[in-house]
Amino acid sequence: MPAGSRIALLALSGSAHSGSRNARLLGLAIDAAVAIEADVSVLDLSDLDLPVYGPSLERSAVPQGVLVIRQILCAHDGLLICSPGYNGSVSVLLKNALEWGSQPTFGTGSLAPFRDKIAAIMSVSKDVESGAIALQHLRTILQHMGVIVMPDALAFADDAFAADALRDASVVPRVQRQVRLLIDTLRAQQHGTVPTRPRR
């Protein structure tokens with residue numbers, strides 16, 4: 001990422017439903033990023049049509065969706081990820097996409113598209129505690145893959161979102177602050193002031 005270039009963010013929702021609360025939260029984050037002149041692309045993980053990951057599948061043809069994930073990751077500086085918590089962890093849709101995305105293709109190392117990306121992670125779940133636990137799992141996964149995860153993770157309960165409006169007035173300013181911190185950190189990375197992870 002050349003110093004002074006526009007920040008490019010990739011937005012991902014761990015929910016398969018386009019109108020879900022996590023998709024709405026992701027929309028708020030995207031609006032905040034665009035307002036401060038970042039370029040944002042949205043990748044709908046449910047469109048990738050990936051089989052459930054298993055080591056035996058590595059020896060077969062690489063699904064086209066894997067190439068899409070890896071190519072798109074390489075073209076972006078940072079990540080905005082919103083995912084519900086299911087049974088104390090991240091959604092299967094998101095975890096499966098990350099598993100496939102870490103498979104090497106065309107001589108590119110398995111974790112190369114993830115390494116030194118900076119991510120902001122958020123969740124809308126049944127309750128705040130469930131979301132916080134899921135985000136801790138997501139943090140561990142991403143950090144293992146070489147992603148730098150922002151220190152704060154935003155967890156909201158389902159009841160913060162009504163059918164057509166926000167019930168919790170604190171959601172928008174908290175999301176805006178988190179996105180601003182992400183973009184400021186990415187700009188600092190442009191100028192070499194954010195440490196990167198050791199190569200593995």
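Keep in mind that the numbers below use all heavy atoms, side chains included, and drop hydrogens, waters and symmetry copies.
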May I ask you to decide if [Y]'s main-chain N or O and [X]'s side chain share a donor-acceptor pair within less than 3.5 Å?
X    : Y    : answer
S125 : A157 : no
R139 : P151 : yes
S91  : G14  : yes
S130 : G85  : no
D77  : I7   : no
W100 : P51  : yes
K117 : L73  : yes
S110 : Q103 : no
R70  : G101 : yes

Report summary line: Taken in chain and number order and not counting sequence neighbours, the residues that satisfy salt bridge (charged side-chain N to carboxylate O under 4.0 Å, His left out) with D39 are R6
Quick check: do [X] and [Y] have side-chain heavy atoms less than 4.5 Å from each other?
X    : Y    : value
R24  : V124 : no
C82  : S123 : no
L25  : F161 : yes
L9   : I30  : no
V34  : D31  : no
V147 : I118 : no
L138 : L98  : yes
D159 : D127 : no

Can you hop from [X] to [Y] via hydrophobic side chains spaced under 4.5 Å?
X    : Y    : value
V92  : L142 : no
F156 : V128 : no
I133 : Y86  : no

What's the spacing between [X] [atom1] and [Y] [atom2] if we round to 0.5 Å?
X    : Y    : atom1 : atom2 : result
L45  : L93  : CG    : CG    : 5.0 Å
T185 : Q190 : OG1   : CD    : 11.5 Å
L12  : H76  : CG    : NE2   : 9.5 Å
M145 : T140 : CE    : OG1   : 13.0 Å
I121 : L182 : CD1   : CG    : 11.5 Å
D152 : L135 : CG    : CG    : 11.5 Å

Requested in this report: Check step by step if side chain to side chain donor-acceptor pair (under 3.5 Å) holds for S15 and S20.
Outcome: CA-CA 7 Å; S15 175; S20 71; 3.1 Å; yes
Give the minimum heavy-atom separation between [X] and [Y], together with the two atoms involved.
X    : Y    : answer
I69  : A97  : CD1-O, 3.6 Å
V172 : L166 : CG2-CD1, 3.4 Å
S102 : L111 : CB-CD2, 3.8 Å
Q189 : I148 : NE2-CD1, 4.3 Å
L50  : P63  : CD2-CB, 3.9 Å
A132 : A155 : N-CB, 3.8 Å

Query raised in the report: Excluding sequence neighbours, so at least two apart, what forms side chain to side chain contact (heavy atoms under 4.5 Å, CB included) with A29?
Result: L80, M122, V175, V179
Requested in this report: Quick one: list whatever passes side chain to side chain contact (heavy atoms under 4.5 Å, CB included) with L181, sequence neighbours left out.
Outcome: M150, R177, Q178
Report task. Determine whether more than 12 heavy atoms belonging to other residues, nucleotides or ligands lie under 6.0 Å from atom CG of N87. Result -> no
